[in-house]
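Taking it in order: structure first as structure tokens, then the write-up.
When reading the values below, keep in mind they use all heavy atoms of this one structure, side chains included, and skip hydrogens, waters and symmetry mates. In this text the structure is predicted, and so the values were computed from the model without any measurement. One-based numbering, in listed order, for ligands and for the atoms of each.
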Amino acid sequence: KTRLAIFASGAGSNAQKIIDHFKNSPLAEVALIGCNKPNAGVLNIATKENIDSFIIEREQYKKDGYTDFLHEKRIDFIILAGFLWKIPQPLIDAYPRKIINIHPALLPNYGGKGMYGSFVHEAVITNKEKQSGISIHYVDEHYDHGDIIFQATCDIVTGDTPDSLAQKIHQLEHEHFPRVIEEWLVGNSK
Ligand code: GAR
């Protein structure tokens, strides 16, 4: 089976959906969860689901991106699900086109440093956009920059707030992310 690692920094609602999706899959399993925030909700999910997890410490992360550790754990692909640190070069080199991210907007707009979570939704609402959406993309050395694998859109209506938009976006993410990962793996796995 293909072994997936999920990196996350927050509540982990996307991580939960991905874990559920692959629970009985012959193709892949979520084998490891990495998190840079010791009190993040995603770590409780790891415990509850009996999935190996580890805290990502800044120093080691910057040094080698935990590359040896991930190899020891026989990780094949890395999924970023609300992970808010930039991926260091050694990790990109060790997992070429094997790391994907989900971004809560329609890239190439509303991406880049500082554009994450509610900051994205605030900017989109402030600019009176008519639509937003999600982007699933390869990770390269720039923030929110690699080739796009999948996008889905939602309409923004009068009265929408950053909070209501965040809810719509989460719904889109939960609906599409696990399936898009599966299709991407089918095209890329051993
Ligand atoms: C998701 O909406 C994801 O797109 C966003 O963080 C949220 C995590 O929610 N990611 C970024 O902003 C990355 N730049 P979750 O912890 O409930 O899955």
Side-chain angles (χ1 to χ4, degrees), residues 4-23 30 32-49 51 53-56 61 65 77-88 91-92 99-127 129 131-156 160-182 184:
L4 308 177
I6 295 177
F7 284 12
S9 304
S13 71
N14 279 286
Q16 180 75 64
K17 292 285 174 188
I18 298 163
I19 292 163
D20 291 347
H21 182 88
F22 287 104
K23 234 169 224 173
V30 177
L32 183 65
I33 292 182
C35 178
N36 60 319
K37 294 248 170 71
N39 53 3
V42 71
L43 289 169
N44 299 331
I45 294 177
T47 306
K48 180 183 66 135
E49 299 288 350
I51 295 172
S53 67
F54 72 109
I55 303 287
I56 301 173
Y61 182 70
F77 295 91
I78 302 169
I79 314 290
L80 310 184
F83 184 65
L84 301 182
W85 282 358
K86 196 170 165 185
I87 301 302
L91 190 48
I92 293 172
I99 310 174
I100 63 173
N101 179 45
I102 192 161
H103 187 76
L106 296 172
L107 294 173
N109 297 327
Y110 300 103
K113 199 171 159 68
M115 273 294 170
Y116 58 86
S118 58
F119 296 110
V120 175
H121 307 312
E122 267 168 44
V124 167
I125 294 280
T126 302
N127 287 345
E129 298 287 356
Q131 282 198 319
S132 190
I134 62 170
S135 303
I136 297 168
H137 65 95
Y138 285 102
V139 171
D140 66 11
E141 59 272 34
H142 307 289
Y143 273 112
D144 303 326
H145 179 268
D147 292 343
I148 289 170
I149 298 168
F150 175 86
Q151 289 184 308
T153 62
C154 62
D155 291 332
I156 299 172
D160 261 332
T161 62
D163 274 353
S164 68
L165 178 56
Q167 276 183 28
K168 289 184 191 180
I169 294 289
H170 260 117
Q171 238 170 37
L172 275 185
E173 294 183 328
H174 297 164
E175 182 186 341
H176 294 290
F177 200 17
R179 176 185 56 79
V180 170
I181 293 168
E182 173 161 352
W184 171 68

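- With sequence neighbours excluded, the residues forming a side chain to side chain contact (heavy atoms under 4.5 Å, CB included) with K48 are Q16, listed by chain and number.
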Show me a pair-per-line table, with atom names and distances to 0.1 Å, of protein N or O atoms that are under 3.5 Å from an N or O of ligand 1.
residue  : atom   : partner : partner atom : Å
ligand 1 : 2 (O)  : E173    : OE1          : 2.8
ligand 1 : 2 (O)  : E173    : OE2          : 3.2
ligand 1 : 4 (O)  : E173    : OE2          : 2.4
ligand 1 : 9 (O)  : H170    : NE2          : 3.0
ligand 1 : 12 (O) : G117    : N            : 2.9
ligand 1 : 14 (N) : H103    : ND1          : 3.4
ligand 1 : 16 (O) : A11     : N            : 3.4
ligand 1 : 16 (O) : G12     : N            : 2.7
ligand 1 : 17 (O) : S13     : N            : 3.0
ligand 1 : 17 (O) : S13     : OG           : 2.6
ligand 1 : 17 (O) : H170    : NE2          : 3.2
ligand 1 : 18 (O) : S13     : N            : 3.3
ligand 1 : 18 (O) : N14     : N            : 2.9
ligand 1 : 18 (O) : N14     : ND2          : 2.9

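- Other residues, nucleotides and ligands contribute more than 12 heavy atoms inside 6.0 Å of the NZ atom of K168.
- Using modelled atom types, no side-chain atom of H103 and backbone atom of H137 make a donor-acceptor pair closer than 3.5 Å.
- Put simply, the side chain of S9 gets close to the backbone of L84: a donor and an acceptor are under 3.5 Å apart.
- In this model, a donor atom of one side chain and an acceptor atom of the other lie less than 3.5 Å apart for H174 and S13.
- Annotation: K23, atom NZ; neighbour count of heavy atoms from other residues, nucleotides and ligands within 6.0 Å is above 12.
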